[in-house]
Colleague: 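The structure is given below, and queries will be raised subsequently.
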Amino acid sequence: MEMNNLIIKNAAQVVTCSGFEGKRGREMSDLQVIEGGTVIVTGGVISHVLQPGEPISVNESDYRILHAEGKALLPGFVDPHTHFVFGGYREEEFSWRMRGESYMDIMNKGGGIVNTTRATREATEEELIESGMQRLDAMMRLGITTVEGKSGYGLDRDTELKQLHVMRRLNETHPMDIMPTFMGAHAVPEEWKGKEGEFIDFNIREMFPLVSREQLAEAVDIFCEKGVFSVEQSRRYLMAAREHGFLLKMHADEIVPLGGAELAAELHCVSADHLLQASDEGIQALAEAGVVATLLPLTAFSLREEYARGREMIDAGCIVALATDLNPGSSFTASVPLLFAIACIYMQLSPEEAVTAFTINSAAALNRADRIGSIDVGKQGDLVLLQFPSYKFLPYHVGMNIVETVIKRGSIVIKN
Ligand code: NIG
Ligand code: FE
C-alpha cells in the first residue's frame, strides 16, 4: 500500500465546493454535493471524484480504504487570517475589557499588540516553535489543513525574522500547510512612537528586501486604523510591497470607518480583512475589484462589537471568506465550530455560504484556490470527514467539534 493513497467510500455527502477560484454572491450557495459519492486520493492528490455506482478503476489493494457511510466529506478547512506565533498571553486585558475598557484604550496605554511584542521579543525560537506546534495541533483537530500566519509581534528586524523563521520551520515539520505573511506594520512600537512615517520607511527600505530575498513571506499586511497607520501610509507601504512581488492584505475598517475597503479595492489586494465598519461604497468597490472580503466574527464576538455586514456583502456580489483571527488579544480562539455558528446565527450567512467561505473562498484569500479549498481532481488531498451525514451540522451543533477524521495529502493525520 502506497503512502498518501486513500479511498473514501460512499460518503453520505461529498461536499465538493467545486471550483478553482473564489465564489461571489449567489455562487456561494452552490456546494455541488454528491450524495453517496466516493473520493480517491493518489499520491496525495485527488485523482477521482465518483458518483454513486461509478466503478473504482484503481487497484484497491494499493490504497487504504475509509468507509464513510453516514458521514459527510468536505475539503479541509482553510483559515486565511491568524497571528498564531506569539509569546505570552493577555488574560488581564480580557478582564479589563469585560469591565468596559475598549481594545483601543488598552492599546493606547501600552497593552495590546505592544504587550505581546515584548513577550515575543523575549521568547526563544524554540519556545515559539513549541507553542506554535501546539496551536497547529489544536487547529488540525478542528479540521483546518492550511493556515495563514502573520508576523507583526516583533516590530524590529530580528524578531520579525524570528517569527517568520518559526513559521518556516513549522511548515517543514508539521503536516499543516502554513502560508506566511509579513506584517511589520501591525502597530507602532515604543521606540518609533511619533515617527510612524519613518517606521513605514524602515519597513519598506530594510524589511521588504530582506523578507523577499529569503522568501520568508508570500504576502504583506498592515493595520490600517485610526491611531495606528493612516490610509496614506498604508498605500505607500502596500505599493512598495507590490514592487517585491508580495500579495497584499489589509486589516481594514476594523474599529473606525477609514476607507480601508476602498484602498484595498484600489490596490487590488488579494483580501481586505475585518471590515466591521466598511462603508457601502467600500463594499461595492470590493465586489467590483474581486478583492476577497475576509470576515472574522470571533473577533467581533470577543470584542463585543457589531458583526461585519456579511449578508449585505454577499448580496452585493462580494467574495466572502471567513477566518478565526487566532491571536492573544482580540480573538484568543481558533474555534471553528463557534465560527460557523456565529457566521450563520449572527451574520446571517446560510450554512452553504459559510462552508464556501471557509473552504474555496478562504483558499482564494491566500491565492491558492487553484490547489486547495475544494474536492476536485488535481487538488491536494486535504479532506475532513464529519461524524454527521450533512455539512448542515457544522453551524447547527453549536460549539461542538464534529470533525472525526482529518486527511492531509491523502494521509490520515487526525482521528478524533
Ligand atoms: O486582527 N487588529 C489588529 N490585529 C489583530 C489583533 C492582534 C492583537 O490584539 O494582538 C486583529 O484583531
Ligand atoms: Fe488580525
Side-chain angles (χ1 to χ4, degrees), residues 1-19 30-79 137 139-146 175-177 336-337 339-340 351-352 354-360 362-363 371-397 400-416:
M1 196 188 339
E2 300 280 325
M3 278 267 289
N4 309 101
N5 277 4
L6 182 69
I7 303 178
I8 306 107
K9 270 193 185 172
N10 304 326
Q13 294 180 335
V14 175
V15 183
T16 68
C17 305
S18 177
D30 183 10
L31 296 178
Q32 306 214 30
V33 175
I34 304 170
E35 285 179 16
T38 289
V39 174
I40 308 181
V41 182
T42 307
V45 175
I46 298 170
S47 56
H48 305 73
V49 182
L50 304 176
Q51 302 289 329
E54 256 192 274
I56 293 178
S57 56
V58 300
N59 186 350
E60 289 192 40
S61 61
D62 293 338
Y63 287 75
R64 180 164 181 178
I65 313 283
L66 207 57
H67 295 280
E69 284 85 358
K71 296 166 188 174
L73 184 72
L74 286 89
F77 299 135
V78 178
D79 188 348
D137 286 344
M139 285 185 263
M140 197 160 248
R141 283 195 294 273
L142 296 164
I144 297 170
T145 50
T146 298
M176 183 82 79
D177 279 319
V336 174
L339 175 69
F340 274 114
E352 292 75 22
V355 168
T356 299
F358 206 47
T359 54
I360 187 69
S362 46
R371 281 179 273 166
I372 54 172
S374 72
I375 303 181
D376 279 302
V377 170
K379 287 219 181 173
Q380 200 162 287
D382 295 356
L383 304 160
V384 299
L385 193 62
L386 305 183
Q387 279 164 20
F388 288 96
S390 167
Y391 65 84
K392 289 184 179 167
F393 284 75
L394 285 165
Y396 159 57
H397 207 13
M400 304 296 282
N401 183 18
I402 62 167
V403 169
E404 186 201 81
T405 307
V406 181
I407 296 153
K408 188 72 195 160
R409 293 188 164 93
S411 288
I412 295 174
V413 286
I414 300 283
K415 267 246 175 253
N416 279 326

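Small disclaimer: the values here were computed from a predicted structure and weren't measured. Values reported hereafter were calculated over all heavy atoms of this structure, with side chains retained and with hydrogens, waters and symmetry mates removed.
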Colleague: Apply side-chain contact (heavy atoms from CB on, under 4.5 Å) to the pair Thr405 and Ile8, showing each step before the final yes or no.
Modeller: CA-CA 11 Å; Thr405 307; Ile8 306 107; over 6 Å; no
Colleague: When you measure from the side chain of Asn10 to the backbone N and O of Ala68, does any donor-acceptor pair fall under 3.5 Å?
Modeller: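 A pair under 3.5 Å: no.
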Colleague: Testing the basics here: between Leu73 and Ala11, what is the closest heavy-atom pair and its distance to 0.1 Å?
Modeller: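 Looking at all heavy atoms of both residues, the closest pair is CB-CB, 4.1 Å.
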Colleague: If you take all heavy atoms of Gly373 and Ala363, which pair is closest and at what distance?
Modeller: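 In terms of heavy atoms, the two residues are closest at CA-CB, 4.1 Å.
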Colleague: Start with the C-alpha gap between Leu394 and Leu74, add the side-chain angles, then the distance that decides, and say whether side-chain contact (heavy atoms from CB on, under 4.5 Å) holds.
Modeller: CA-CA 11 Å; Leu394 285 165; Leu74 286 89; 3.9 Å; yes
Colleague: Quick one: CD1 on Ile46 to CD1 on Ile372, what's the gap to the nearest 0.5 Å?
Modeller: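 Nearest 0.5 Å value for the CD1-CD1 distance: 11.0 Å.
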Colleague: Donor-acceptor pair, distance only, cut-off 3.5 Å: does the side chain of Ser374 make one with the backbone of Ile360?
Modeller: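 Flag not set: sc Ser374 to bb Ile360 has no pair under 3.5 Å.
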Colleague: If you round to the nearest 0.5 Å, how far is OG of Ser57 from CD of Glu60?
Modeller: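 Reported to 0.5 Å precision, the distance equals 10.0 Å.
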Colleague: Sub-3.5 Å donor-acceptor pair from the side chain of Thr38 to the main-chain atoms of Leu50, do we have one?
Modeller: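 Absent.
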Colleague: Donor-acceptor pair, Lys379 side chain versus Ser18 backbone, under 3.5 Å?
Modeller: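 No; zero donor-acceptor contacts below 3.5 Å.
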Colleague: Mind checking the CG-CZ spacing from Asp376 to Arg371? Nearest 0.5 Å is all I need.
Modeller: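 Interatomic distance, Asp376 CG to Arg371 CZ, rounded to 0.5 Å: 15.0 Å.
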Colleague: Give a yes or no answer on whether the side chain of Asn5 reaches the backbone of Gly43 with a donor-acceptor pair at less than 3.5 Å.
Modeller: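 Yes: the side chain of Asn5 pairs with the backbone of Gly43.
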Colleague: Looking at every heavy atom in both Ser411 and Met3, which two are closest together, and how far apart are they?
Modeller: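 Heavy atoms only, the tightest pair is OG-CE, 4.5 Å.
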Colleague: Determine yes or no for a side-chain-to-main-chain donor-acceptor pair under 3.5 angstrom, with Lys408 supplying the side chain and Met176 the backbone.
Modeller: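 Absent.
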Colleague: Who passes side chain to side chain contact (heavy atoms under 4.5 Å, CB included) against Val58, sequence neighbours left out?
Modeller: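 Per chain and number, Val58 pairs via side chain to side chain contact (heavy atoms under 4.5 Å, CB included) with Ile7, Ile40, His48, Ile56, Tyr63.
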Colleague: Knowing that exactly one of Ile144, Asp382, Ile414 qualifies, which makes a side chain to side chain contact (heavy atoms under 4.5 Å, CB included) with Val406?
Modeller: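 In the set Ile144, Asp382, Ile414, the residue that makes a side chain to side chain contact (heavy atoms under 4.5 Å, CB included) with Val406 is Ile414.
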Colleague: Can you classify the ring geometry of His397 versus Phe388 as parallel (below 30°), tilted (30 to 60°) or perpendicular (above 60°)?
Modeller: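 Answer is perpendicular, since the angle exceeds 60°.
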Colleague: Hey, are the side chains of Thr359 and Val15 touching, using non-hydrogen atoms and a 4.5 Å cut-off?
Modeller: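 No. Closest side-chain heavy atoms not under 4.5 Å.
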Colleague: Can you give me the closest heavy-atom contact between Cys17 and Val355, atom names plus distance?
Modeller: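 Cys17 and Val355 have their closest heavy atoms at SG-CG1, 3.8 Å.
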Colleague: Quick one: does Gln32's side chain get under 4.5 Å of Asp30's, heavy atoms only?
Modeller: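 Side chain of Gln32 against side chain of Asp30, heavy atoms only: contact under 4.5 Å found.
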Colleague: In a check of ring pair (Phe, Tyr, Trp, His ring centres under 6.0 Å) between Phe340 and each of Phe77, Tyr396, Tyr391, which one passes?
Modeller: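 Of all the options given, the one that passes is Phe77.
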Colleague: Walk me through whether Val45 and Ser47 qualify under side-chain contact (heavy atoms from CB on, under 4.5 Å).
Modeller: CA-CA 6 Å; Val45 175; Ser47 56; over 6 Å; no
Colleague: Sort and list the pairs that fulfil salt bridge (Lys or Arg N to Asp or Glu O under 4.0 Å) and have at least one residue in residues 45-55, not counting sequence neighbours.
Modeller: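 Pairs touching residues 45-55 that pass the test: none.
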Colleague: Output all residues satisfying side chain to side chain contact (heavy atoms under 4.5 Å, CB included) with Leu142, sequence neighbours left out; order by chain, then residue number.
Modeller: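 Leu142: side chain to side chain contact (heavy atoms under 4.5 Å, CB included) contacts with Val336, Pro337, Asn401.
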Colleague: Taking the side chain as every heavy atom from C-beta outward, state whether Val403 and Arg141 have any pair of such atoms under 4.5 Å apart.
Modeller: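 No, too far: nothing below the 4.5 Å cut-off.
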Colleague: Got a donor-acceptor contact below 3.5 angstrom from the Lys9 side chain to the His67 backbone?
Modeller: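 Here the side-chain-to-backbone pair does not exist.
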Colleague: Under the side-chain hydrogen bond (donor to acceptor under 3.5 Å, both in side chains) rule, collect the residues that match up with Ser390, sequence neighbours excluded.
Modeller: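 Listed in chain order: nothing, the list is empty.
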Colleague: Roughly how far, to the nearest 0.5 Å, is CD of Gln13 from CG of Leu386?
Modeller: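 Here the rounded value is 8.5 Å.
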Colleague: Just jot down the side-chain hydrogen bond (donor to acceptor under 3.5 Å, both in side chains) partners of Asp137, sequence neighbours excluded, or say none.
Modeller: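 side-chain hydrogen bond (donor to acceptor under 3.5 Å, both in side chains) check on Asp137 returns His174.
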Colleague: Do Leu339 and Asp79 have side-chain heavy atoms sitting under 4.5 Å apart?
Modeller: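 No. Closest side-chain heavy atoms not under 4.5 Å.
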Colleague: Do the non-hydrogen side-chain atoms of Thr145 and Gln380 ever get within less than 4.5 Å of each other?
Modeller: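 The answer is no; the side chains never approach within 4.5 Å.
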Colleague: Between Asp177 and Arg409, does at least one N-O distance fall below 4.0 Å, as a salt bridge requires?
Modeller: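 A salt bridge is present here (some side-chain N lies under 4.0 Å from a carboxylate O).
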Colleague: Partners of Lys71 by side-chain hydrogen bond (donor to acceptor under 3.5 Å, both in side chains), sequence neighbours excluded?
Modeller: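 Listed in chain order: Glu404.
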